[in-house]
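Here the structure is laid out as structure tokens; the discussion comes afterwards.
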Amino acid sequence: MGGILSSFFGGGGGDETSYSEGPSRVLSFHSSARWQLHFNEVKESSQLLVVDFSASWCGPCKFIEPAIHAMAEKFTDVNFVKIDVDELSDVAGEFQVQAMPTFVLFKGGKIIDRVVGAKKDELEKKVEKHRA
């Protein structure tokens with residue numbers, strides 16, 4: 001199933017892109033090059049992109065993760081991505097991520113909003129607002 005999702009969402013396979021806990025609409029990137037390819041594809045569209053900058057050791061990140069997966073299932077017209085700040089510190093630095101979790105919302109390749117902290121309700125409201 002991962003291969004089908006991978007080809008559908010533009011992933012190339014290997015361990016550079018993964019899907020946690022079976023089929024999920026949240027892409028995880030483990031390569032800066034793969035992330036950049038995906039970002040370049042998405043920024044050409046008007047689709048909302050929500051990037052979850054988190055860390056494996058971050059308690060609040062683990063706490064909000066099920067809510068992120070639920071939002072990805074609810075808002076199928078939104079592209080959800082997860083990036084581990086320890087694995088891709090260059091990407092986190094590029095977007096001035098200083099706390100985890102940080103959610104950066106993009107449209108057309110530009111940052112349109114952000115949420116710092118495990119603030120599920122605030123994030124969901126902003127996704128709802130910007131997805132149209």
Side-chain angles (χ1 to χ4, degrees):
M1 182 80 174
I4 294 168
L5 287 174
S6 182
S7 63
F8 180 74
F9 287 110
D15 62 349
E16 296 175 346
T17 307
S18 68
Y19 307 88
S20 51
E21 300 160 20
S24 171
R25 296 200 71 257
V26 181
L27 293 173
S28 292
F29 288 93
H30 306 284
S31 154
S32 295
R34 173 59 72 196
W35 152 253
Q36 196 60 57
L37 283 171
H38 181 76
F39 186 67
N40 288 342
E41 287 176 14
V42 173
K43 73 181 181 183
E44 297 300 321
S45 79
S46 60
Q47 184 180 34
L48 178 63
L49 170 65
V50 178
V51 182
D52 172 7
F53 288 95
S54 61
S56 59
W57 47 263
C58 167
C61 301
K62 291 178 184 177
F63 174 77
I64 197 167
E65 187 169 7
I68 301 308
H69 287 272
M71 277 186 233
E73 292 300 321
K74 179 179 178 180
F75 302 117
T76 57
D77 57 333
V78 177
N79 193 326
F80 286 84
V81 169
K82 180 177 179 177
I83 292 181
D84 186 306
V85 298
D86 293 324
E87 287 183 13
L88 301 183
S89 58
D90 56 329
V91 177
E94 180 181 347
F95 297 110
Q96 294 89 38
V97 174
Q98 298 178 351
M100 277 74 63
T102 292
F103 301 93
V104 181
L105 287 71
F106 296 88
K107 215 167 202 183
K110 294 184 174 29
I111 296 173
I112 56 170
D113 220 331
R114 78 171 52 215
V115 175
V116 179
K119 301 173 183 167
K120 174 187 159 307
D121 293 338
E122 181 181 343
L123 177 62
E124 191 161 1
K125 284 177 186 156
K126 288 185 178 191
V127 169
E128 187 76 60
K129 172 184 172 185
H130 294 298
R131 65 189 273 248

Please walk me through it: do F80 and F75 pass ring pair (Phe, Tyr, Trp, His ring centres under 6.0 Å)? CA-CA 9 Å; F80 286 84; F75 302 117; 7.1 Å; no
Using atom types as modelled and distance alone, determine if a side-chain donor or acceptor of R25 lies under 3.5 Å from a backbone N or O of T76.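 Yes; at least one donor-acceptor contact below 3.5 Å.
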For a side-chain contact (heavy atoms from CB on, under 4.5 Å) check, start with the C-alpha distance between I83 and V51, then their side-chain angles and the critical distance, and finish with the verdict. CA-CA 7 Å; I83 292 181; V51 182; 3.9 Å; yes
Fit a plane to each ring of F53 and F95, take the angle between them on a 0 to 90° scale, and name the class: parallel (under 30°), tilted (30 to 60°) or perpendicular (over 60°).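 Ring orientation of F53 relative to F95: tilted.
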Which heavy atom of V81 sits nearest a heavy atom of V26, and at what distance?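 Between these two residues, the closest heavy atoms are C-CG1, 4.3 Å.
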Nearest atoms (heavy-atom pairs only) where V115 meets K126: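 Minimum heavy-atom contact is CG2-CD, 3.6 Å.
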Do [X] and [Y] sit in one hydrophobic cluster, given that two such residues count as connected whenever their side-chain heavy atoms are within less than 4.5 Å of each other, even indirectly?
X	Y	value
W35	I111	yes
I112	V50	yes
W57	V116	no
V78	L123	yes

Would D113 and H130 count as having a side-chain donor-acceptor pair, cut-off 3.5 Å?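 Their side chains do contain a donor-acceptor pair, which is all the 3.5 Å distance test asks for.
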Between N40 and Q36, do the side chains contain an N or O donor and an N or O acceptor separated by less than 3.5 Å?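 Side-chain D/A pair, N40 to Q36: present.
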Please step through side-chain contact (heavy atoms from CB on, under 4.5 Å) for the pair F39 and V91, ending with a clear verdict. CA-CA 11 Å; F39 186 67; V91 177; over 6 Å; no
Applying side-chain contact (heavy atoms from CB on, under 4.5 Å), run through L88 and F29 and close with a yes or a no. CA-CA 8 Å; L88 301 183; F29 288 93; 4.2 Å; yes
Derivation of the side-chain contact (heavy atoms from CB on, under 4.5 Å) call for Q47 and R131: CA-CA 7 Å; Q47 184 180 34; R131 65 189 273 248; over 6 Å; no
State the NE2-NZ distance between H38 and K43, to the nearest 0.5 angstrom.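 These two atoms lie 12.5 Å from each other.
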